[in-house]
Structure formats: structure tokens, C-alpha cells
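Please read the structure below before turning to the comments.
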2 protein chains.
Amino acid sequence: MRRESERKESLADIISQINQLLDKHKLVENLVYKQQQPKQNLIKNLVSKQNLNKLKKLLDELHPADIADILESLPIDQRIIIWDLVKSENDGDILLEVSDSVRQTLIAEMDNSELLAAAEQLDTDEIADIAPDLPENVLQNLLENLDQQNRERLESTLSYPEDTVGALMDYDIITVREDVSIEVTLRYLRKLGKLPEHTDKLFVVDRYGSILGVLPFKKILVNDLNLYVREVMSTDIVTLNPDDTADDAADAFERYDLITAPVIDANRKLVGRLSVDAVVDYIREVAESDKLSMAGLKEDEDLFSSIWKSVRNRWAWLAINLITALIASRVIGVFEGSIEKVVALAALMPIVAGIGGNSGNQTITMIVRGLALGQINNTNVRNLLYKELGVAILNGVIWGSVLGIFAYLLYGNILLGVVMTTAMLLNLILSAIMGVTIPMLMSKYGKDPAVGSSILITAMTDSGGFFIFLGLATIILI
Amino acid sequence: MRRESERKESLADIISQINQLLDKHKLVENLVYKQQQPKQNLIKNLVSKQNLNKLKKLLDELHPADIADILESLPIDQRIIIWDLVKSENDGDILLEVSDSVRQTLIAEMDNSELLAAAEQLDTDEIADIAPDLPENVLQNLLENLDQQNRERLESTLSYPEDTVGALMDYDIITVREDVSIEVTLRYLRKLGKLPEHTDKLFVVDRYGSILGVLPFKKILVNDLNLYVREVMSTDIVTLNPDDTADDAADAFERYDLITAPVIDANRKLVGRLSVDAVVDYIREVAESDKLSMAGLKEDEDLFSSIWKSVRNRWAWLAINLITALIASRVIGVFEGSIEKVVALAALMPIVAGIGGNSGNQTITMIVRGLALGQINNTNVRNLLYKELGVAILNGVIWGSVLGIFAYLLYGNILLGVVMTTAMLLNLILSAIMGVTIPMLMSKYGKDPAVGSSILITAMTDSGGFFIFLGLATIILI
């Protein structure tokens, strides 16, 4: 029995032991590197092997998910040392648990036969999860080694886009006919001997494989043995389609507190099931990648991705940011004459732009969340805009006045204060309008409204803020 | 049987019908408001009642979770109309499903007896979820109406902080002794007749209530009836403690693909269980509130919170942002003399600050995620810093050169280009150091590193960027 609280401590303990052993390993290697003598080499091998054996023993006791955790938190060179020490019978499970980016670094270290052996430890739906990272010829080999049913299943799973039920579902379904008794069902189960993970119900199908209902284990256990499946089964069930989005499926699982749900095709034929562990993994992954994508990062960078890979990952949005910054700079450039006359403008203009950006980010975050939760539709978007405008006007009047007074006190120019207040108000109104409009438009045209939204709104409120402030100043002051 | 894909369509359909009916309702009210005659009033009542009855019929067919969805997406006035129409026997479940902020608006419309009736439809652990939003006297009343066991459970659940296992666990546990046979166990279950939601296993305890193992339904179903519980039960199980954080529990559920897990006290006594639906809800909520808190928003603002409430919610971080913007402004103020001499500096300085902020946000997002996933520890933080510095230097050289050339071409001043390139490089290095340091320090001192991290890093790279750029310019150019 493992207490979760103890597990965490012992894992931290093991990680620090691993680090110590790896450090020793490195020390010995360095030592030998400096004194290239045959005798040293022998000692090195002995000491180093001892360390590696100790490490191996530590690793052998760990759950694959825990080893995956350790691999995620190690820099690449140390990760490879540990990966080589892991029992090969755990390879498949660990490859499944690590993130895409870490998986690629691990797979790069394996030859084809090792990869094939690892993949063969996995179920069809699990192979599908790691398939995109496998070399083409390994995948081909794998498909050839599978029996016909599993090959068809794997090909079918791979044919669905990543974020659909078809890609997440598994095939661990046990079916039963409606015209047998509970007693017969029980006998059948007992004959099966071992049931797949997460089996909480049987699927009731007719002779054509079409779904009629489900028979939860709870019902098998509490009902009279002489009753027929037909009399006991639940027919008020939620079914999914392979083409349904994973988001919709996750919503259904959360809404109706599901453990497993049948996946059926257009003809109501049962083709697989979706289970809650796949849904939990999916929800977690989406939450992580949402956070990354708001900052303009893609998923496939892990903590210790190479610098070059990281630069490429962050490239696109930095480049976009560069262009928007250049535009903002040119907006200021237009007003250089005004700034030369009233240099205070240069010091004050970033305040207007900055607060507009912050406020716009708050609005856009609310809207992106509302869209993700499906709470925004055509009929209420107008109300939302009004509300955000109200917030912006109230904030604009309050903070704009504070800043206007600040500008007046600092530079002793009342008109400068007026320009400041008005510009703040107008830029906050702009930020509210853009904060609602940008994600709505992105969502309308099928783009993920979370991706880079923060960079886009900041671009608007920067250029807009500079233009409003400097434009007003030029009209009023100069 | 409900297809999830169809559900979504029909829900959208119902929402648009509701909106139509609410519009009609409003039209009639407006009409009557303008022509205050008794006869009109009568018509109004008839038409309006007809509409409301139609609405009520629509609502009666919906799952509480779906009604909760509709309530979330309606502006407050319409939300109240719909809430009044909902069957009161669903009140409890709906209050449970809606977000905290929407719940408060609904509870504000209910009198104490309605609230008491709604709460009494719920389980102890469910009451605990909505308890913080209930008026003090209703909660007191509720406690008095419960039997002793449930009162103690409710008080105990309420005594745990929100994000612990103790607050999320439920009491739907069925226990069994190890010295009975499977057959006896089956008979016992059949006598119970109805099992709690999500029951997938029995908990095996000794005479003192201490946990010995678990007996999954799967094992009951496939094993010989004459075997004893002791021979069949699993003892290699994950146990939780009420004081464990919900995050750790969620990790354990994801890692070991759990459906339910026993919660035990320090003496190994079974006190409750945590089930996957509570974990899924928790993961979802955290993902949402993380996104909000990075933008400096608190959780308790729903899409249609009043303007005043929204302003207060966003106040704190806007105020912090105001202060950081003022500091940045004063940094520029120090160099007003330089800007007066070379006005191009005013146009170029926001580029240095902006790209630094963007790059810093990318770094901080990676680190916050690494911290949340427990992948960062004392031994690898140095490697991380090196990596981020490497990325910053590479980006600084590349983008800095691009911008330096841009500045040279635009203003024909080579030294200005040199200043631009150097300032970009230095500000990106600053952003990398701060992007790693800020979340590490926040986490070290027990703060949530996600909260407002974006605003803090931007503050650093703004003031820092202005200082570096204008300082360099003053030294080199003036």
C-alpha cells in the first residue's frame, strides 16, 4: 500500500540519489578524461559500473509513470544515461507517459529492434499515441506484425485527427446480448478471468453489433440472478461518435460524471469505448498547451529542449511581436515633431499603452475562457461587449483621472493632464472592443482564440495607445 | 440514449428558443409599460404566462448540468427569470454545477426555506461545496437538521482548506471484512440494492476500521465464489490522506489511472474516498483559474458579473500595473535630456521593452508549467537558467541585429544601430534571468507562481529595457 504523500517524498529522495550518482559518474569520467592511462580506465569502469548498478536498482523499483517523471526533469545527457538503465520491459509504458518532446529524445536513442519490442508491449490504442514519433519503417514493421483485427484498429485510430474521440478511444469492450440472464453473464465473466482496465460496465449489443444499452457492474452485482440483461440494462446513456471532438467528450464526462462511454458509428454499431483516464490525460494536456499557446509557445518544447529547438519554437511569435513593435515604433515616428516640442510625451506614452494592454489582456482572457466553456453565443455577445465597455469606461475615468493629475503635478501643464486622461479612457475603450472582437473573430474563422491572443491585443493597444495619446497631444498641445 | 453530438445541437436550439421566448416576454412587458391600461395588463399576463409555460416545459426536460450551462451564458436579468422557472427539485444539483460567481447570483434570489430545501437534496460532501455561498443562518439550520454522522462529516469537510483531499472527498464507501467469502459479499451487495455513484470497489477494513486492501468489482465478478475476500483483494493500492493537496491527488489519479481511492487518517483508519469525478472537476477548475490568474483576474467573476464587481476584481493588478508603468515612465523621465537631443530614441525604445516582455513571458510560462508539473528542483534549476540564457543570447544576437540594421537604415546613424542591438541583447538576457527567478522565488516563498507573473515580468522588462536602451544611448550617442 502506498501513501501518495510518502510517494512524493521518496521520489524526491530517489531523484536526489540519482543526481548524486550521476555526479559521481561524471567525476570519474572527468578524472579519466584528464589522465588517459589504461589503469585509470580500469578503475573508472569499476567505479562507474558500481554507480550505474546502484542507479539501476533504484529505477527497477519504480512505477513507469514515476520513471517518466524523473526523465522529464533531467537535462538531456543525464536523461539518456537513465534511459539506458531502465528495464526494457518498461520501455513501452514509459514512452507512453512522457511528453511528446521528451519521447522524441528517448526514441532517438533506440534502434529499430528496441523500438519494435517496446511498441509490442502496448495496446493498439496506446501504440497509436506514440505512432507519430516512431520512424516510418518501425511503424510499417509493427503494422505487419499485428493480427488483422489489431492492424485495422490501429489504422483506424491513426486515421482520426488528434483531438477527436476516434483518436482517444480504446477497444477494451466486453459485449453481452440482451436475451441472456444475469447468471449466465456472471458465468461468462468468470470464464474470461481477467477484465480490461477501467471496465465498469458491459455493452449490450444486438446480433449486428448495434448498441442497445449498457450493463454497469453495479447492476450485475445487486440484481436478481434470474433477471435478463434486457430487464436490468440502462438505456438512458450517453454515446459518442469517433468524429466528436475530444473537447465535447470531455465536457460530457465532466457533466454526466462518466467512467466509460460507448463510441458508436453512424449505424449505431459499437466500435470502441472512451474511458475517463484518456479524458483526464486529455484535459491535462489541453490545460498545459493552452497556457503555452497564450504566450505564443508550441507544445513540443520540454524544459530541457536544446537551445536551438527552443529558439525555433519561440521564433514565430517573437517575429510577429517584432513586426507589431515596428509598427508601434513607426506610429511614434510620425509624431517625432511633437515629442521634440514636448519631451514629456515620451515619458508618458508607455503608461497609456501599458495599462491598455493589461486591461485588454484581462478582457480577452475572460472571453477566451467563455468561448472554451461554450458560454458565449450570438445572442449574448452584445451584452458582453456592453459589460466590457462599461468596465473600461469606469476604469478609464478613475485611472485616467489619477494619471492626469499625476501628469499635471509632474509637468505643471493642465492640458497635458487632460490629454493623459482622455487618452487613457479612449485606449481602454479600444482595448475592451478589441478584447471582445479578436477572440470572437478568431473563433468564427475556426482559429483557436487562445493562440497568441495576448500578443495580438498588446499590439493593438500599443499602436493604438501611442496614436491616441500622441495624436491628442498634437491637436491640443502643439 | 443520447448522442453527445446531438445534445450540443439541441442545447443550442433550446438556448435560441429560450432567447426568443425571453425577447417576446420583454416585448410584452415593454408594451404594457408604455400603455398602462388594465386590459393590456390582462393580455400581457396571458401572453407572458404562455411564454413562460413553454419555457418551463423546455427546461423540465433538461439535465441539471445543461440547465447550469444555460444559466451561465445568460445575462443576470434573464438568468433570474429562468432560475424561477426551474423545477425546485433540481435546485440543489444546479447550484452544485454552476460556477461560484453564478451561484451567488442565484442564491441571492432564494429565500431561506428554498435554500434549505435545495441543500437537503444534496449529499454531505456536495453541501460542503456550496456551503461557503450559503447565508450563515441557513447553514446553521442545515447542520441542525442533519443526523449526527452527517453533521460530523459536514463539519469535518468544511474544516479542510479548499484545495485538499479532505475538502474533495466523499463518504460513499462500502466496506467489507477480509474473512468473508465472495459469495457472502455478493449476497450483501444484493441486499443493499443500490450502490453509490462511481462505486468500482469495496474497501476491506479490519474490526477497527483500518484499511487492509480493496476489492474491485472486477475481481468479485471473475473470481470463484468460495474464495475469501482476503485471497482476492488487492493490497498494492494508493491511499490518500485528508491533508494531501488536491494537486498531489490529481497527479496520483492521472499517474495510476484511478477511479476511486481510499482516504485514510494517520492511524490508517478509512475516513472517506476520493472519486475521479471530483478530480476531473478540480483539474478543470484549476486550469481555468490558472489562465485567469496569469492575467491578474480572480475566479469569482463570471461573464455577466456586474460592471462594478468586475472593476473590483480587476482592480488590484491594474493598480500594480499602474505603479510599474509609473516607474517605467520615471525611468524615461531621467533621460528626457537625451530624448530631446535624439528624438529617434522615443520611437525605438518601446521595441526594446516590448520584445523583452514577450520573450520574458515565454520563459516564465515554461517555468511556471515546469513548477506545476513538479519537474523543477534545486538540482536542475541551474541548467534551466543556462538554457534560457542561451535562448536569450541567440535571439538577442539575431533579432538585435535585425533591429540594429532597421534603426540604421531608418535614421542613418550607425551608432544608433549599435545601441539598439546591444540594448536588445541585454534586455533579452535580463528577461531570461527574471523569467526564471521570479517564479522560482514566488514558489520558494509559498506564493502561486502563476498569479500575475505576466504583469511582473513585463514590469521588469519595461523599466529595464528603457533604462538599458536610454542609458546606452546617453553614453554612446550623447
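In what follows, chains carry the letters A, B, and so on, assigned in the order in which the sequence lines appear, proteins first and then strands, with residues in each chain numbered from 1.
Heavy-atom distances place no part of A:Ser99 under 4.5 Å from chain B, backbone and side chain included. For chain A, the nearby part of B:Ile398 is the side chain; its heavy atoms alone come within less than 4.5 Å. Both the backbone and the side chain of B:Ala250 have a heavy atom closer than 4.5 Å to some heavy atom of chain A. Contact of B:Phe466 with chain A is made through the side chain alone, with heavy-atom distances under 4.5 Å. Looking at A:Val214, neither its backbone nor its side chain comes within 4.5 Å of chain B, counting heavy atoms on both sides. If you measure heavy-atom distances from A:Asp243 to chain B, you find no contacts under 4.5 Å at all. Proximity to chain A involves both the backbone and the side chain of B:Ala319, based on heavy atoms less than 4.5 angstrom apart. Contacts between A:Phe406 and chain B at a heavy-atom distance below 4.5 Å involve the side chain alone, from C-beta outward. Looking at B:Val286, there are no atoms closer than 4.5 Å to chain A (heavy atoms on both sides), in backbone or side chain. Using a 4.5 Å cut-off between heavy atoms, A:Val276 contacts chain B through its side chain alone, with no backbone atom that close. Within the 4.5 angstrom heavy-atom criterion, no atom of B:Leu389 approaches chain A.
Most heavy-atom pairs under 4.5 Å with chain A, from the set B:Ile339, B:Leu384, B:Asn395: that is B:Leu384. Counting heavy-atom pairs closer than 4.5 Å to chain B, the top-ranked of the candidates A:Ile367, A:Leu225, A:Val334 is A:Leu225. Ranked by heavy-atom pairs shorter than 4.5 Å toward chain B, the options A:Glu197, A:Lys191, A:Arg330 are led by A:Arg330. For the set B:Glu97, B:Lys219, B:Met349, the entry with the most heavy-atom pairs within less than 4.5 Å of chain A is B:Met349. Put simply, of A:Leu410, A:Leu348, A:Val279, the one with the most heavy-atom pairs under 4.5 Å next to chain B is A:Leu410. If you tally non-hydrogen atom pairs under 4.5 Å between each of B:Trp308, B:Trp399, B:Tyr386 and chain A, the highest count goes to B:Trp399.
Counting heavy atoms from C-beta on, the side chains of A:Asp200 and B:Ile259 never come closer than 4.5 Å. B:Leu326 is listed as a side-chain neighbour of A:Leu403, based on a closest heavy-atom distance under 4.5 Å. When side chains are defined from C-beta on, B:Thr199 does not count as touching A:Phe217, because their heavy atoms never get closer than 4.5 Å. Residues B:Leu322 and A:Ile355 form a side-chain contact, since some pair of their non-hydrogen atoms from C-beta on lies under 4.5 Å apart. By the 4.5 Å heavy-atom criterion applied to side chains, A:Phe335 and B:Val343 are not counted as neighbours. B:Val280 is listed as a side-chain neighbour of A:Ile283, based on a closest heavy-atom distance under 4.5 Å. Inter-residue side-chain proximity for B:Lys387 and A:Ser310 is flagged as met; some heavy-atom pair is nearer than 4.5 Å. You'll find the side chain of B:Ile307 stays beyond 4.5 Å of the side chain of A:Glu388, heavy atoms only.
Between the A:His198 side chain and the B:Asp257 main chain, a donor and an acceptor come within less than 3.5 Å of each other. Proximity of a side-chain donor or acceptor of B:Ser329 to a complementary backbone N or O of A:Ala347 within less than 3.5 Å is detected. Listed for the A:Asn380 side chain is no donor-acceptor partner under 3.5 Å among the backbone atoms of B:Leu74.
Note that CD1 of B:Ile220 is 5.5 Å distant from CG of A:Leu221, once rounded to the nearest 0.5 Å. Here B:Asn321 contributes atom CG and A:Asn361 contributes atom CG; the two are 9.5 Å apart, rounded to the nearest 0.5 Å. Separating the CD atom in A:Gln78 from the CG atom in B:Asn383 is a distance of 6.5 Å, to the nearest 0.5 Å. The distance from atom CE of B:Met366 to atom CZ of A:Arg314, rounded to the nearest 0.5 Å, is 6.0 Å.
Contact check on B:Arg190 versus A:Asp224 returns no salt bridge, with no Lys/Arg side-chain nitrogen under 4.0 Å from an Asp/Glu carboxylate oxygen. Salt-bridge formation is detected for the pair B:Arg255/A:Asp69: a Lys NZ or Arg NE/NH1/NH2 atom is positioned less than 4.0 Å from an Asp or Glu carboxylate oxygen. With salt bridges taken as basic N to acidic carboxylate O contacts below 4.0 Å, one links B:Asp251 and A:Arg284.
Residues A:Ile351 and B:Ala325 come closest through the heavy atom pair CG1-O, 3.7 Å. Across all non-hydrogen atoms, the minimal contact from A:Gly193 to B:Val222 is O-CG2, 3.0 Å. A pairwise comparison of heavy atoms in A:Pro350 and B:Ile332 identifies CG-CD1, 3.4 Å as the closest pair. When every heavy atom of B:Leu318 is checked against every heavy atom of A:Gln362, the shortest pair comes out as CG-OE1, 3.9 Å. The two residues A:Trp317 and B:Asn358 come nearest to each other via the heavy atoms O-ND2, 3.7 Å.
Using a 3.5 Å distance cut-off with no hydrogens or angles, the side chains of B:Asp277 and A:Tyr256 do not pair a donor with an acceptor.
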A:Arg369 and B:Glu72: CA distance, side-chain angles, deciding distance, salt bridge (charged side-chain N to carboxylate O under 4.0 Å, His left out) verdict: CA-CA 12 Å; A:Arg369 183 176 83 134; B:Glu72 294 268 351; over 6 Å; no

